[in-house]
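Read through the structure below, which is laid out as structure tokens, and then see the notes.
In each ligand, atom 1 is the first atom listed, and ligand 1 is the first ligand listed. Only a predicted model underlies this, so the values are computations on that prediction, with no experimental measurement involved.
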Amino acid sequence: EDEVYQRGLQFSRPPFTFKSLDWEGLAMQRMSAESTGYLVGNAGTGETATKNRKAFERWSLVPQRLIETEKLPRLSTQILGHRMPVPFAMAPVGVQRTFNPEGEIAAARAASDQHVPFIMSSASSASVEDVAAANGSGTRWYQLYWPSNKDYDITRSILKRAKDAGFSALFVTLDTYVLGWRPSDMDNGYNPFLRSDRVGVAVGFSDPVFRKQFRERYGNEIEDDQGLAAALWTRTIFPRYSHSWEDLQLLREAWDGPIVLKGIQSVADARKAVEAGVQGIVVSNHGGRQTDGGVSSLGMLPRIVDAVGGDLEVFFDSGIRCGADIAKALALGANMCLVGRPYIYGLVLGGEAGVSHVLKTLAGDLQLTLHLSGIPSSAPEHLGRHRLIREDE
Ligand code: FNR
């Protein structure tokens with residue numbers, strides 16, 4: 001983090017601007033209409049996504065002066081059994097080859113270089129084995145789009161491969177059993193999930209159980225990989241019905257390690273997650289991409305932390321764009337933040353180096369924000385709700 005700041009002072013130029021709010025516009029200039037629509041598009045009118053951002057402005061950090069310190073604030077945190085140098089991770093984002101030819105491979109390399117956990121999407125355009133190789137000794141977690149119960153053996157096979165490839169925790173996404181009403185993708189007639197050259201690799205194509213079962217079941221309909229890709233997403237991953245809390249038991253049996261439920265937005269569900277015995281939740285509304293007219297994710301965070309904080313680990317995402325945003329979410333009780341779109345803008349703008357630039361920017365910005373606010377570390381005793389006020393009260 002120090003390095004970012006020092007290099008800035010030494011006039012060595014970054015790969016692109018440090019102004020994090022400009023990344024989206026710059027990335028859009030480099031992408032096709034389809035990729036732009038998929039990356040920046042939100043559900044419906046975009047109301048949830050707008051609320052996600054606005055929620056950050058309601059809370060303000062209150063700086064304290066003459067806090068004696070010799071060091072820059074410590075950002076390290078203990079999460080799911082790992083000590084991590086920064087309190088944020090890379091959110092699962094699918095089909096990254098849409099954004100850069102190296103896709104997930106570049107992102108997973110930057111993750112391990114910067115010591116940031118990488119959460120690999122089920123909808124990745126690279127296999128778990130290749131992402132694991134690129135991530136090396138980095139911390140990596142696997143995100144599951146949960147196949148229907150009738151395809152439990154496919155789920156088991158996928159999870160075994162992820163485990164064997166060194167993915168140490170399982171993030172189960174609960175808010176996407178169908179894709180949201182996304183006008184930009186619909187206007188473009190675009191669905192990256194139906195393209196066999198883009199997805200399918202991670203979940204299906206290289207999975208022997210999947211290939212065998214699907215050919216047996218739908219053989220005469222599936223002529224080629226394109227057909228297999230369509231079958232994968234329409235018949236088993238997004239089968240238009242969801243799972244129940246009881247079904248979590250099936251995942252417990254198939255996955256030996258921490259389970260984190262992604263997409264929690266209500267206190268009631270957070271309580272059920274505790275009862276279900278999972279290790280964590282992600283307070284997230286998928287960046288506003290799934291449901292229009294929903295609550296802001298940050299708005300729900302303190303209520304959920306009040307109900308279950310301490311019983312499990314609370315991750316937060318949806319709308320983080322700068323260091324101060326991370327500081328606010330941590331102050332409201334998140335144990336760790338996930339960042340989605342910003343690192344993908346980095347991927348578009350500069351491949352692996354671009355992703356590293358984004359991760360360093362967030363860490364450097366967070367560290368100086370804390371330092372100049374008189375907050376000696378991002379640990380809860382220093383960075384808690386007592387450091388915030390609500391401006392609208
Ligand atoms: C996502 N997200 C997502 N989540 C998930 O669980 N599996 C996935 O495959 C994807 N794919 C995906 C693609 C794209 C293009 C985006 C932008 C997002 C959601 C992601 O994990 C995270 O919840 C949001 O991106 C967080 O919001 P911000 O940081 O983008 O505002």
Side-chain angles (χ1 to χ4, degrees), residues 20-21 23-24 27-28 31 34-43 46 48-56 88-100 103-104 107 117-126 131 141-146 169-180 182 184-185 188 190-193 198-203 232-233 237-238 260-265 281-291 294 296-298 301 315-322 325-326 329 334 336-348 358-359 362:
S20 60
L21 290 182
W23 294 336
E24 178 174 297
M28 283 170 72
M31 285 185 287
E34 283 85 5
S35 297
T36 298
Y38 175 55
L39 180 55
V40 309
N42 289 305
T48 309
T50 305
K51 283 184 190 157
N52 280 341
R53 286 292 305 141
K54 280 212 179 324
F56 286 94
F88 58 86
M90 290 153 78
V93 170
V95 215
Q96 293 187 19
R97 271 204 277 161
T98 306
F99 309 116
N100 176 287
E104 291 82 3
F118 182 73
I119 312 180
M120 176 180 173
S121 162
S122 274
S124 291
S125 43
V131 170
W141 301 323
Y142 186 74
Q143 176 265 326
L144 183 70
Y145 278 139
W146 191 353
L170 180 65
F171 283 63
V172 188
T173 299
L174 302 182
D175 57 17
T176 312
Y177 38 95
V178 287
L179 283 178
R182 293 186 198 155
S184 39
D185 288 340
N188 290 327
Y190 187 63
N191 184 338
F193 298 97
R198 297 272 160 83
V199 286
V201 195
V203 211
L232 170 66
W233 294 100
I237 307 277
F238 294 158
V260 179
L261 302 181
K262 177 169 182 279
I264 300 292
Q265 289 284 271
I281 55 174
V282 187
V283 176
S284 165
N285 56 29
H286 216 101
R289 296 164 64 78
Q290 281 298 93
T291 334
S296 70
S297 195
L298 194 78
L301 177 64
F315 295 74
F316 169 82
D317 81 23
S318 296
I320 286 176
R321 294 295 176 270
C322 64
D325 294 343
I326 297 174
M336 181 171 256
C337 295
L338 311 185
V339 179
R341 275 169 275 204
Y343 85 83
I344 301 295
Y345 301 144
L347 184 65
V348 172
V358 166
L359 300 175
L362 291 172

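At a 4.0 Å cut-off, not a single heavy atom of F171 sits close enough to ligand 1 to count as contact.
A cation-pi arrangement is found for R289 relative to Y38, the charged atom lying closer than 6.0 Å to the ring centre and inside a 45° cone about the ring normal.
Q290 places a side-chain N or O within donor-acceptor distance of the main-chain N or O of V178, the cut-off being under 3.5 Å.
W141 and F171 have parallel rings, their planes meeting at less than 30° on a 0 to 90° scale where 60° marks the start of perpendicular.
Listed by number with element, the atoms of ligand 1 under 4.0 Å from a non-hydrogen atom of D317 are 22 (C), 23 (O), 26 (C). Near K262, the atoms of ligand 1 lying under 4.0 angstrom from a non-hydrogen atom of the residue are 4 (N), 5 (C), 6 (O), 19 (C), 20 (C), 21 (O), 22 (C), 23 (O). Atoms of ligand 1 found under 4.0 Å from any heavy atom of S284, numbered from 1 in the order shown, are 23 (O). Each of the atoms 27 (O), 28 (P), 31 (O) of ligand 1 lies under 4.0 Å from some heavy atom of G319. Taking a cut-off of under 4.0 Å to the non-hydrogen atoms of T173, the atoms of ligand 1 that pass are 5 (C), 6 (O). Annotation for ligand 1: atoms under 4.0 Å from non-hydrogen atoms of G94 are 9 (O), 10 (C), 11 (N), 12 (C), 13 (C).
When the heavy atoms of R289, H286, Q290 are ranked by distance to atom 16 (C) of ligand 1, first place goes to R289. Across the listed options S121, S297, G287, P342, G287 owns the non-hydrogen atom lying nearest to atom 24 (C) of ligand 1. Residue nearest to atom 2 (N) of ligand 1, selected from G263, G340, P92: P92 (by heavy-atom distance).
Heavy atoms of V93 found under 4.0 angstrom from ligand 1 belong to the backbone as well as the side chain.
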(message) Is there a side-chain contact (heavy atoms from CB on, under 4.5 Å) between F315 and I119? Walk through the geometry before answering.
(response) CA-CA 13 Å; F315 295 74; I119 312 180; 6.0 Å; no
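For ligand 1, the polar-atom distance check against S122 finds no nitrogen or oxygen pair separated by under 3.5 Å.
Counting only N and O atoms by type, the side chains of S297 and Q265 include a donor and acceptor under 3.5 Å apart. With 3.5 Å as the limit, one finds a donor-acceptor pair spanning the side chains of S284 and D317.
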